[in-house]
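This report refers to the structure that appears directly beneath it.
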Amino acid sequence: MATVTVPKEEKTAVVTSPESTQKTVTLRIARINPPESTETKFEEFKVPVQKWTTVLESILYVKQNLDHSIAVRYSCRQASCGSCGMKINGKPRLACYTKISELESNVITIEPMNNFPIIRDLAVNFEQLFSTHKKMKPFIINEESEVNSDTKEFIQTPQDLEKFLQFSYCIKCGLCNSACPTMATDTSFIGPQGLAQAYRYTADNRDKGKKDRLKIVDQSHGIWRCHFAGSCSNVCPKGVDPAMAIQLLRGYLLGFGK
Amino acid sequence: MVNSIEKDLLIVGSGLAGLRAAIQAAKVAPHIKIAVISKLQVMRSHSVSAEGGTAAVLYPEDGDTIESHVYDTVKGSDFLGDQDVIEKLVSEMPSEVYQLEHWGMPWSRREDGRIGQRNFGGYSFPRATFAQDKVGFYEMQTLYDTCQKFDNIEFFNEWFVTSIIHDGQRFCGITAIEMSTGTFYTFKSKALIIATGGAGRVYSFSTYALASTPDGLDMAYRAGMALKDMEFVQFHPTGILPSGILITEGARGEGGYLLNNKGERFMKKYAPTKLELASRDVVSRAMITEINEGRGFKHDTGVDCLKLDLRHLGKELIIRKLPAIREISLKFSGVDPADEPIDVRPVCHYMMGGIHTNIDGATEIQGIWAAGEVACNSVHGANRLGANSTAECLVWGKITGEIAAKYVLESTSPPPFPLHLVANEEKRIYDGIFRGTGSVNPYEVRQELTEIMNNKAYVYRNETDLVEGLKLVRELRQKTWKHVDDKAKEYNTNFTNVMELDSMFRVAEVILMGAIWRKESRGAHARTDYPDRDDKNFLAHTLVYYDTKEPIIKTHPVTITKYKPVERKY
Amino acid sequence: MAERLSNREGIKGMANPTRYGILRVAYWLQRLSGLGLLAYLIGHIYETSTILNGKAAWDNMLSLTETPGGHIVLVIVIGMCVFHTGNGIRVMISEGGKGVGKPGQPEYPYRASSLNSKQRLCIWVSIALAALAMMYGAGVLFGN
Amino acid sequence: MRESIIMKIHYGTALGAVALVAVHILMRMSQKFSDSLAYQNVLANYHFLPYALMLEVILVLLSVHGFNGLRVILLELKQGATYERAINYGSIAAMAILIAYGSRTILMAGMGIS
Ligand SMILES: Cc1cc2nc3c(=O)[nH]c(=O)nc-3n(C[C@H](O)[C@H](O)[C@H](O)COP(=O)(O)OP(=O)(O)OC[C@H]3O[C@@H](n4cnc5c(N)ncnc54)[C@H](O)[C@@H]3O)c2cc1C
Ligand code: HEM
Ligand code: SF4
Ligand code: F3S
Ligand code: FES
């Protein structure tokens with residue numbers, strides 16, 4: 001490993017070195033390109049950081065200055081598009097939403113998210129998440145869902161809105177699916193992202209698709225494969241709380257929820 | 001042999017405009033094959049970042065009128081907007097808002113359960129329809145989710161489109177690279193809707209997503225379509241340092257102050273009545289004047305800036321009403337706005353210009369439409385009002401989706417496919433770029449290019465700077481940066497980044513040439529050497545056409561229906 | 001190899017209770033104790049079946065279990081049983097949608113309300129009860 | 001069978017077991033522990049019909065609950081139509097065998113065969 005952790009007493013020695021005016025950290029980035037080799041190698045890069053530097057920025061620093069070939073997905077850089085989920089120091093996080101300083105570590109290990117097939121390096125394949133999302137019928141089911149020239153809105157009070165608003169914070173980043181213990185072994189499990197969206201539309205007072213969706217989630221790799229491990233909600237960057245959504249949805253199936 | 005895919009309707013770009021178009025087309029023609037192609041995963045488009053609102057006249061009973069929205073927009077455009085187009089936008093919007101609502105949009109509600117609206121810069125009625133401060137995000141989600149209803153919409157996630165193929169009159173297809181495998185494809189199809197969004201990343205300091213590069217504009221430009229009014233670039237007053245992420249107008253709407261290094265609320269001098277809430281171009285100009293006259297601050301990164309002070313609003317109000325602002329500044333700048341003022345600076349935020357289209361979004365080539373920020377149907381003229389752009393994306397998404405779908409249903413057999421153009425394109429990108437030789441770091445070139453734009457074609461412009469900028473851009477283009485270090489096929493973003501850079505050069509040139517040509521100050525285009533609006537010579541749209549030697553400039557008349565140009569005062 | 005590239009975390013990930021907070025630990029303990037109890041149940045039924053073979057066989061069986069090792073197993077079973085029952089009741093109530101919080105507008109820094117203090121308290125109480133029961137059981141078993 | 005019905009059974013058996021296992025354990029603790037396991041005492045228990053019945057019910061509940069729990073874990077571990085069918089039938093078989101084996105003890109001990 002390139003970095004040597006300097007014991008406290010020797011700190012002065014570091015300060016005198018010319019580059020030490022700026023803090024640097026070491027990024028250990030997992031490199032793999034499956035068609036060429038199925039082995040993950042870690043490469044280390046030293047990057048300068050400031051108090052606001054995010055992990056995404058430091059990866060892009062590497063891409064722009066040290067190694068152009070790093071494969072990484074990103075777009076909005078403000079935690080609203082859901083592109084940049086990856087495993088940072090062992091936990092799934094959004095790279096653009098994680099500051100280096102929060103990690104309190106001089107070595108930062110960056111790997112692709114678990115439970116998604118790797119395309120290359122840090123970029124993973126989302127097909128399963130997207131197709132499962134689609135299976136949840138994530139839209140308003142209601143014969144009147146198309147408007148004509150004199151339609152007004154469905155009435156929905158702020159209280160009605162609060163029943164599902166939180167679940168529509170979901171940016172489809174997949175962090176929850178990558179943290180869930182069932183997802184770790186069950187390749188057919190719907191997963192917290194999809195289940196939370198099934199609840200989001202079911203809880204909407206404009207929707208009439210509850211029966212359909214309950215039937216979809218009530219299958220052998222459906223909602224019952226959630227054991228309320230809560231890891232999904234633990235990692236969700238947007239406060240969606242999929243664990244809550246799933247239990248509320250299950251409440252319907254067990255006959256508690258109305 | 002190049003791999004080929006056949007579809008009936010192609011939609012390139014999956015922002016608000018692209019997705020709205022897809023739904024409309026699928027509704028009108030449930031049996032045609034529709035492909036939505038995007039270089040990002042479909043729902044990750046830049047549109048998710050829109051914050052403030054979408055303008056629509058929803059409450060005539062409370063005193064709002066269509067005329068008022070039309071006039072506000074005409075005035076906002078500094079009379080360069082085409083008034084028939086503006087009328088169309090305004091009259092179509094109310095039903096768009098209701099349609100989104102019926103598809104599940106979580107609009108914020110009034111206590112009575114009806115849709116909520118808020119005040120926004122440049123409007124004479126609070127008509128910015130909002131869903132907290134994440135309007136674009138929710139709109140994208142609603143449209144993306146509604147697309148899932150239709151089995152004839154197919155998404156091509158992470159396909160980088162490189163060119164548009166036509167035979168001189170009619171559209172034939174496109175070429176694209178599937179990023180996960182690196183395979184080059186042609187798509188043959190009857191119709192195309194371009195919805196590739198804005199290109200704000202040609203500026204180094206920008207609120208845009210990192211993917212908002214001008215590849216779509218450039219594709220159309222290279223294919224012979226005109227780019228219109230590209231010199232009009234909107235600078236939003238408050239981009240936070242160092243990232244450039246937007247601090248919404250709402251922060252000033254709630255009562256935030258802008259301060260210079262003397263601690264003065266300098267807007268008193270520039271807009272005595274509206275102060276910080278004057279229109280965006282006015283506030284941005286005031287800020288740059290302050291900085292130029294030495295009353296700015298220096299940010300830790302060495303950039304000049306001013307302060308946006310929210311402290312007097314109190315922590316509680318900030319948490320309750322501006323949660324996203326607090327989150328952004330805490331997270332990305334390490335500053336709690338309740339304790340410290342935020343460092344801000346005018347930031348590239350919107351492109352009024354785009355691919356030249358008519359009122360229905362049709363381009364100059366049969367079978368090709370353009371919608372959203374990439375298009376210029378002249379609805380925004382010289383300056384866009386906040387909340388009118390998401391509106392534009394929805395309305396022209398719908399219009400182009402409908403017309404293109406009908407066109408597909410009625411169209412005759414396609415013209416013979418000009419395969420030689422595909423071969424040319426393959427040569428251009430693989431021989432010219434992928435296997436190009438060079439030693440200069442393309443990312444440094446990109447940085448340099450965007451900084452030139454920031455320095456020479458920013459809020460204030462003048463002949464010397466613009467000409468100098470054009471010269472620098474052209475010089476930079478001569479450097480040998482067109483090479484791709486990464487030789488792998490799979491998910492090669494190094495390759496796509498260099499292609500994006502390639503397109504930035506051409507579009508930057510168009511912006512600069514338009515700005516040099518337009519010797520007046522109008523809307524967002526403020527020339528210090530020509531400080532006044534000149535309706536005699538420049539009440540016209542700029543059109544720029546591609547040419548192998550030097551771009552060709554033409555003009556296009558402005559449509560005026562009701563409102564003759566008058567002086568614009570706020 | 002396909003598994004490798006699918007990058008599933010696999011059994012190791014499922015069986016690793018760290019990183020994601022106490023609810024993940026509870027999930028893990030519930031699983032382990034469930035399996036442990038099942039194993040005990042099978043053993044127990046075999047054990048009791050010896051009664052059909054007369055007193056000698058039964059006593060023989062008893063003497064096998066009434067060793068320090070056997071007692072330790074029994075103490076663990078007591079712990080597992082108490083935890084699994086206590087936590088199981090929490091899980092059942094929660095999975096019916098009760099006590100997992102109420103949906104509302106999340107506020108930054110986001111804290112999931114399903115991971116609320118009631119949940120965490122119940123888990124700790126289950127663990128504590130299990131520990132108490134184990135101590136009591138150990139007292140009884142090793143006491144004589 | 002619909003998964004929701006299976007899982008309702010899982011919860012139901014758990015709830016039933018809570019009550020009955022409590023009684024079962026309390027019986028062990030109502031006297032000195034080692035005495036409770038003395039051959040005669042145990043046999044006496046089996047001869048006491050209500051208690052024997054209770055043991056039978058516990059046996060059924062816990063076998064169903066336990067093997068369904070195991071089924072769930074195995075189902076999540078690996079997927080595939082054949083495998084899953086094997087797991088489903090396997091766990092029913094296991095339940096049946098355990099219940100049969102346990103019932104034999106209760107029945108025969110209860111009727112005083114030994
Ligand atoms: C921070 C911010 C806040 C804003 N807030 C508001 C607001 O409150 N109200 C308002 O009305 N407007 C707002 N706007 C403006 C508005 O968000 C945009 O104008 C609008 O979202 C543009 O949408 P679009 O559909 O045209 O394109 P985009 O959403 O930009 O989408 C472009 C699409 O094109 C695709 N694409 C690009 N190039 C290629 C290629 N080569 N191959 C394949 N696909 C390609 C991309 O993948 C993407 O899917 C805001 C803008 C910013 C920057
Ligand atoms: C006596 C009270 C009991 C209660 C209240 C109870 C409750 C529960 C509950 C609620 C679950 C489901 C957990 C989930 O969905 O994640 C469960 C799972 C399980 N139980 Fe029990 N149980 C009890 C006794 C037992 C016994 C005695 C055994 C052993 C035979 C047992 C074996 C299992 C197994 C193997 C699982 C599966 C574990 C998993 O899926 O994580 N349980 N129990
Ligand atoms: S629920 Fe949260 S973690 Fe999961 S995909 Fe949505 S935003 Fe990401
Ligand atoms: S982590 Fe998985 S087990 Fe359930 S509560 Fe979340 S889905
Ligand atoms: S880049 Fe959009 S969420 Fe991180």
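Keep in mind that what you see is a predicted model, and the values were worked out from it rather than measured. Below, chains carry the letters A, B, ... as their sequence lines are ordered, and counting in each starts from 1.
Heavy-atom pairs under 4.5 Å with chain B peak, among A/Gln159, A/Met136, A/Gln64, A/Arg200, at A/Gln64. Comparing A/Glu36, A/Glu102, A/Glu57 by heavy-atom pairs within less than 4.5 Å of chain B, the highest count is held by A/Glu102. Comparing B/Lys134, B/Met140, B/Lys149 by heavy-atom pairs within less than 4.5 Å of chain A, the highest count is held by B/Lys149. Among the candidates A/Asn65, A/Asp207, A/Asp204, A/Ile171, the residue making the largest number of heavy-atom pairs closer than 4.5 Å to chain B is A/Ile171. Contact tally against chain B (heavy-atom pairs below 4.5 Å) for A/Gln197, A/Lys99, A/Lys152: the top residue is A/Lys152. The residue among B/His102, B/Glu444, B/Lys27 with the most heavy atom pairs within less than 4.5 Å of chain A is B/His102. Between chain A and the options B/Ala209, B/Gly113, B/Ser47, heavy-atom pairs under 4.5 Å are most frequent for B/Gly113. Among B/Asn441, B/Thr146, B/Val484, the residue with the largest count of heavy-atom pairs under 4.5 Å with chain A is B/Asn441. Contact count against chain B (heavy-atom pairs under 4.5 Å) is highest for A/Gly82 among A/Gly82, A/Cys170, A/Ser149, A/Ala123. Of all the listed residues (B/Val97, B/Asp300, B/Ile328), the one sharing the greatest number of non-hydrogen pairs under 4.5 Å with chain A is B/Asp300.
Here the closest heavy-atom approach between residue B/Asp486 and residue A/Ser69 is recorded as CG-CB, 3.4 Å. The minimum heavy-atom distance linking B/Tyr491 with A/Val72 is given by the pair CE2-O, 3.9 Å. Nearest heavy atoms, B/Ser95 versus A/Val147: O-CG2, 4.1 Å. Closest of all the heavy-atom pairs between B/Gly334 and A/Lys51 is O-NZ, 4.4 Å. When every heavy atom of B/Lys331 is checked against every heavy atom of A/Tyr97, the shortest pair comes out as CE-O, 2.6 Å. A pairwise comparison of heavy atoms in A/Pro138 and B/Asp145 identifies O-CB, 2.8 Å as the closest pair.
With a 4.5 Å cut-off on non-hydrogen atoms, A/Tyr169 touches chain B through its backbone and its side chain both. Heavy-atom distances place no part of B/Gln447 under 4.5 Å from chain A, backbone and side chain included. With a 4.5 Å cut-off on non-hydrogen atoms, A/Glu127 does not touch chain B at all. Looking at B/Lys489, there are no atoms closer than 4.5 Å to chain A (heavy atoms on both sides), in backbone or side chain. A/Ile141 does not touch chain B: none of its heavy atoms, backbone or side chain, sits under 4.5 Å away. Only the backbone of B/Leu330 comes within contact range of chain A, with at least one heavy atom under 4.5 Å from a heavy atom of that chain. Residue contact with chain A, scored on non-hydrogen atoms closer than 4.5 Å, involves the side chain of B/Tyr138 exclusively. The part of B/Arg110 that comes within reach of chain A is its backbone (N, CA, C, O), which places non-hydrogen atoms under 4.5 angstrom from that chain. At a 4.5 Å heavy-atom cutoff, the contact between A/Thr54 and chain B is made by side-chain atoms alone. For A/Arg73, the parts sitting under 4.5 Å from any heavy atom of chain B are the backbone and the side chain alike. Proximity to chain A is limited to the backbone of B/Asp112, based on heavy atoms less than 4.5 angstrom apart. Using a 4.5 Å cut-off between heavy atoms, B/Pro242 contacts chain A through its side chain alone, with no backbone atom that close. Proximity to chain A (any heavy atom under 4.5 Å) is restricted, for B/Thr207, to the backbone atoms N, CA, C and O. Interface remark: B/Glu490 contributes backbone and side-chain atoms alike to the contact with chain A (heavy atom separation under 4.5 Å). For a residue to count as touching a neighbouring chain, one of its non-hydrogen atoms must lie under 4.5 Å from one of that chain's; by this rule B/Glu96 does not touch chain A.
Remark: side-chain polar atoms of B/Glu111 are not paired, donor with acceptor, to backbone N or O of A/Thr157 under 3.5 angstrom. Within the 3.5 Å criterion, the main-chain N or O of A/His133 finds no donor-acceptor partner in the side chain of B/Gln148. With hydrogens and angles disregarded, a donor-acceptor distance shorter than 3.5 Å links the side chain of A/Glu153 to the backbone of B/Ile115. The closest donor-acceptor contact from the side chain of A/Lys172 to the backbone of B/Met43 lies at 3.5 Å or more, if one exists at all.
Between B/Thr493 atom OG1 and A/Arg120 atom CZ the span is 7.5 Å, to the nearest 0.5 Å. Between the CG atom of A/Leu56 and the CG atom of B/Leu210 there is a distance of 7.0 Å, given to the nearest 0.5 Å. With values rounded to the nearest 0.5 angstrom, B/Ser243 atom OG is found 10.0 Å from A/Trp52 atom CH2. In this structure, CD in B/Gln132 is found 7.5 Å from CG in A/Leu161, a value given to the nearest 0.5 Å. Remark: A/Ile119 CD1 to B/Met179 CE distance equals 9.0 Å, nearest 0.5 Å. Of the inter-residue distances, the one linking B/Ser108 atom OG with A/Leu165 atom CG reads 7.5 Å to the nearest 0.5 angstrom.
With ring centers used as reference points, A/His68 lies 6.0 Å or more from B/Trp481.
The number of heavy-atom neighbours closer than 6.0 Å to NZ of B/Lys487, taken from other residues, nucleotides and ligands shown, is above 12. Environment of NZ in A/Lys238: crowded, with over 12 heavy atoms of neighbouring residues, nucleotides or ligands closer than 6.0 Å. Within 6.0 Å of atom CD in A/Glu143, 12 or fewer heavy atoms from other residues, nucleotides or ligands are found, so the atom counts as exposed in its surroundings.
For the side-chain contact (heavy atoms from CB on, under 4.5 Å) criterion with B/Arg44, the lone passing option out of A/Ser83, A/Cys76, A/Ser80 is A/Ser83.
Figure legend: cation-pi geometry between A/Lys134 and B/Phe155 absent, as NZ or CZ is not positioned both under 6.0 Å from the six-membered ring centre and within 45° of its axis. Figure legend: A/Arg77 and B/Phe332 shown without cation-pi pairing, the cationic atom not lying both under 6.0 angstrom from the six-membered ring centre and within 45 degrees of its axis. Annotation: cation-pi geometry not satisfied between A/Lys63 and B/Tyr443 (NZ/CZ under 6.0 angstrom from ring centroid, within 45° of ring axis).
Ring geometry for A/Phe130 against B/Tyr144 counts as perpendicular: the plane angle is over 60°, on a 0 to 90° scale with 30° as the lower cut.
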Quiz item: When you look at A/Glu146 and B/Trp103, which way does the side-chain hydrogen bond (donor to acceptor under 3.5 Å, both in side chains) test go after all the steps?
Solution: CA-CA 8 Å; A/Glu146 299 300 319; B/Trp103 284 336; 3.0 Å; yes
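Looking only at side-chain heavy atoms (C-beta outward), B/His46 and A/Ser75 stay at 4.5 Å or farther from each other.
At a threshold of 4.0 Å, the pair B/Arg109-A/Glu162 does not count as salt-bridged, since none of the basic side-chain nitrogens sits closer than that to a carboxylate oxygen.
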